[in-house]
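To keep things clear, I will list the structure first and then write my remarks on it.
Numbered from 1 within each chain, the chains take letters A, B, ... in sequence-line order.
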Amino acid sequence: MNENERPLNFVEKIIKEDLASGKVDAIRTRFPPEPNGYLHIGHAKSIWLNFGLAQTFGGKCNLRFDDTNPEKEDEEYVESIKADVKWLGYQWDGDVHFTSDYFDQLHAWAIELIKSDKAYVCDLNAEQMREYRGTLTEAGKNSPYRERSVEENIELFEKMRAGEFDEGACALRVKLDMAAPNMHLRDPVIYRIKKASHHQTGDKWCIYPSYDYAHGQGDAIEGVSHSVCTLEFEEHRPLYNWFIKNVPVPSTPHQYEFSRLNVNYTITSKRKLKQLVDEDHVDGWNDPRMPTISGMRRRGFTPKAIRDFCEMTGVTKVKGVVDVSMLEFAIREDLNANAPRAMCVLHPLKVVLTNYPEDKTETMTAAGHPQRDDFAERSLPFGREVWIDQDDFREEANKKYKRLVIGKRVRLRNAYVIEADEAIKDEAGNIIEVRARVIENTVGNDPEDGVKPKGVIHWVAAHDNVECEVRLYDRLFTDVAPDAGGKDFLESINPDSLEILNGCKVEAGIFANDPDTRYQFEREGYFIEDSKYSSAEKPVFNRVISLRDTWGKMDQG
RNA sequence: UGGGUCGUCGCCAAGUGGUAAGGCACCGGGUUUUGAUCCCGGCAUUCGCAGGUUCGAUCCCUGCCGACCCAGCCA
């Protein structure tokens, strides 16, 4: 990605103009999650946008937990969210903020609203309130409690705060317009009674501010200049602005909305993701197939790849669905450039080199990366017996097949060219071993007789390797839009989304590296040790993503 | 059917009154001790539709069509 050449997106243009016109001296953004679940790819986009905007314009970005509904929230989520933001490569300005830090201020402002006759305590229950609100096409009507006196409202609100009413008995509403075409302006509730313990404030409060009342004021208190959120909040903007104008806030933030990120073949509904976890369709929130940030992290996706993907997909108000191939491209692009190479045989087939001395071994050297010399070279033990992949041998094949065939030659990557002589089979007819010969003096050279090998295959020495488990992942859903149009997403769960391979053989040298290292197992894809199951006794690798495979797509004859 | 928002290539996405960037995907070809990477080439006579203004419109005007969001004391 070249940031210098990329055209500015609409939010960046607004900021650039605001800075140029002097409307603001500096910008401050914020990422404001409610701590009620794990973050997913959609949140990654919001994090990238908010923190990225601050970075590119030399501003600051806050992390604020929008914790106005204690019933749905938990400290567990605030911790995981902080970890996810950091992993993505961002650091918030100063301390973490909580909307609950402002409960006292918000409460005081609510009293001011009552005093200026702009808010009232309404005794309508939820059902009645719905009836009075009207519908999309019909105006609502005023609550019978709308004209209570300021004194009475002050007294009632104090009783609400003191816990003298049951949940749902009444609520504080702001006096706007029950006939407004924008439903959000029909006397929205700004404080409701919830006798629940809050993860940050404990039992101090039994009334909690609503999102609409708290969000803009929180932005204003923190000095947020550009409050970026998703499209569904567009209609809340007039309300947001009304509060900024009618409450004595210390600054004037502005809200801008962009289209949330949607990726095909996946779901991001928190409820549905939770269902996958609760019903054991996946191995927890961080299952490598999950679109959660923790899942992508365990899978081996890199923060940079995710950031690049966010940038690639742009910032607009158009509601679209991005193709997963873009995400896959971003991951391959980063890993191809930065992953050290290694060899791992997934489906081992023994090859005995009959003309190679039984007691002889030698050491081959291999580049750590074919295009980079800043990667250390590897030492690969070589001997009379090596493992190759079952897919890389056929007794006979047409010209398109560039691997080992009886009577034909192939190069063992970084080692000799060999020629196959015979396939050894068991009683059932399965090939269990291949007899082949090493062609003299072909390490680093073409065969002297001029008969070049048809291709190059990877291998691991039979006498020196580490046995491991390899987990291959495919997309979790077989349907492009698993939950579109009310479809049951459980019906399109891909039964083959996880394939576990045992007895794989990997070159031993890689275990001297950081266990977080992502490798390219040449000709197979990119892999990383699984943070949950891998151990020294039994290494387990996750395939981050396969290599681009044009061969696999063509007619192989 | 009230209000809001959106409609440029299969998918993202620039763009502007002067004759459609880029990326992904896809298709060719070259290099290659990874069927990877890399390189080169192809891929919208057309910008939701229909009129209008104009020498000229994807960009301005009018009308229409389609999609999405809103009737929580969720965020």
Side-chain angles (χ1 to χ4, degrees), chain A residues 1 5-9 32-34 36 66-69 71-72 122 124-126 129-131 133-140 167-173 179-186 188-194 207-208 210-212 214-215 229 231-238 257 259 264 309 311-330 332-333 336-337 341 343 366-367 369-371 400-403 410-415 417 442-444 446 453 455-458 520-525 546-554 556:
Chain A
M1 282 305 106
E5 290 177 12
R6 177 173 63 76
L8 297 182
N9 62 52
E34 180 184 21
N36 68 346
D66 218 347
D67 55 348
T68 57
N69 187 353
E71 292 167 345
K72 295 189 172 181
C122 178
L124 253 25
N125 62 35
M129 208 179 278
R130 194 182 318 124
E131 287 165 8
R133 186 157 34 231
T135 68
L136 295 176
T137 53
E138 301 164 43
E167 282 189 20
C170 52
L172 185 68
R173 295 223 260 169
N182 180 342
M183 299 297 285
H184 297 285
L185 264 21
R186 321 248 263 223
V189 167
I190 64 170
Y191 260 99
R192 68 286 211 214
I193 299 168
K194 281 186 187 291
I207 56 172
Y208 292 92
S210 63
Y211 165 85
D212 285 312
H215 205 89
C229 61
L231 249 30
E232 66 268 31
F233 293 101
E234 236 160 3
E235 288 186 284
H236 294 244
R237 187 167 4 104
E257 312 85 14
S259 179
N264 63 11
F309 169 65
E311 177 163 334
M312 244 192 274
T313 54
V315 180
T316 66
K317 292 174 97 80
V318 184
K319 293 163 195 168
V321 181
V322 169
D323 199 297
V324 257
S325 66
M326 275 206 226
L327 211 209
E328 296 173 346
F329 171 82
R332 290 193 180 106
E333 185 182 46
N336 173 57
R341 311 286 125 125
M343 293 197 284
H369 186 113
Q371 282 86 34
K400 288 180 183 174
Y401 189 74
K402 305 202 299 183
R403 309 178 188 185
V410 79
R411 174 176 293 283
L412 293 181
R413 168 136 247 235
N414 301 122
V417 169
T442 51
V443 178
D446 280 336
V456 181
I457 64 174
H458 56 103
Q520 182 193 103
F521 287 165
E522 291 186 301
R523 302 212 310 134
E524 294 292 359
S546 65
L547 252 28
R548 185 161 163 269
D549 181 19
T550 46
W551 159 251
K553 285 173 187 162
M554 59 186 277
Q556 302 176 13

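- In this structure, V417(A) reaches neither bases nor backbone, as no heavy-atom distance under 4.0 Å exists between it and the strands shown.
- Heavy atoms of R341(A) sit under 4.0 angstrom from at least one base atom.
- In this structure, L136(A) reaches the bases: a heavy-atom distance under 4.0 Å links it to at least one base atom across the strands shown.
- Between R332(A) and the phosphate of rU34(B), there is no side-chain N or O to OP1/OP2 separation shorter than 4.0 Å.
- For the pair T550(A) and P32(A), both in contact range of RNA chain B, the more 5′-proximal nearest nucleotide belongs to T550(A).
- Positionally, the nearest nucleotide of RNA chain B for G314(A) lies more toward the 5' end than for the other of R411(A) and G314(A).
- When heavy atoms are screened at a 4.0 angstrom cut-off, Q520(A) is found touching base atoms of the nucleic acid.
- Counting non-hydrogen atoms under 4.0 angstrom, V410(A) reaches nothing in the nucleic acid.
- Among the atoms of the strands shown, none is found under 4.0 Å from any heavy atom of H458(A).
- Under 4.0 angstrom from either OP1 or OP2 of rG35(B) there lies at least one side-chain N or O belonging to R523(A).
- Among the heavy atoms of the strands lying under 4.0 Å from P370(A) is at least one base atom, whether or not backbone atoms are also near.
- Salt bridge annotation for R237(A)-E257(A): present, with a cationic side-chain nitrogen under 4.0 angstrom from a carboxylate oxygen.
- For the C1' atoms, the distance linking rU19(B) with rG29(B) amounts to 32 Å, nearest Å.
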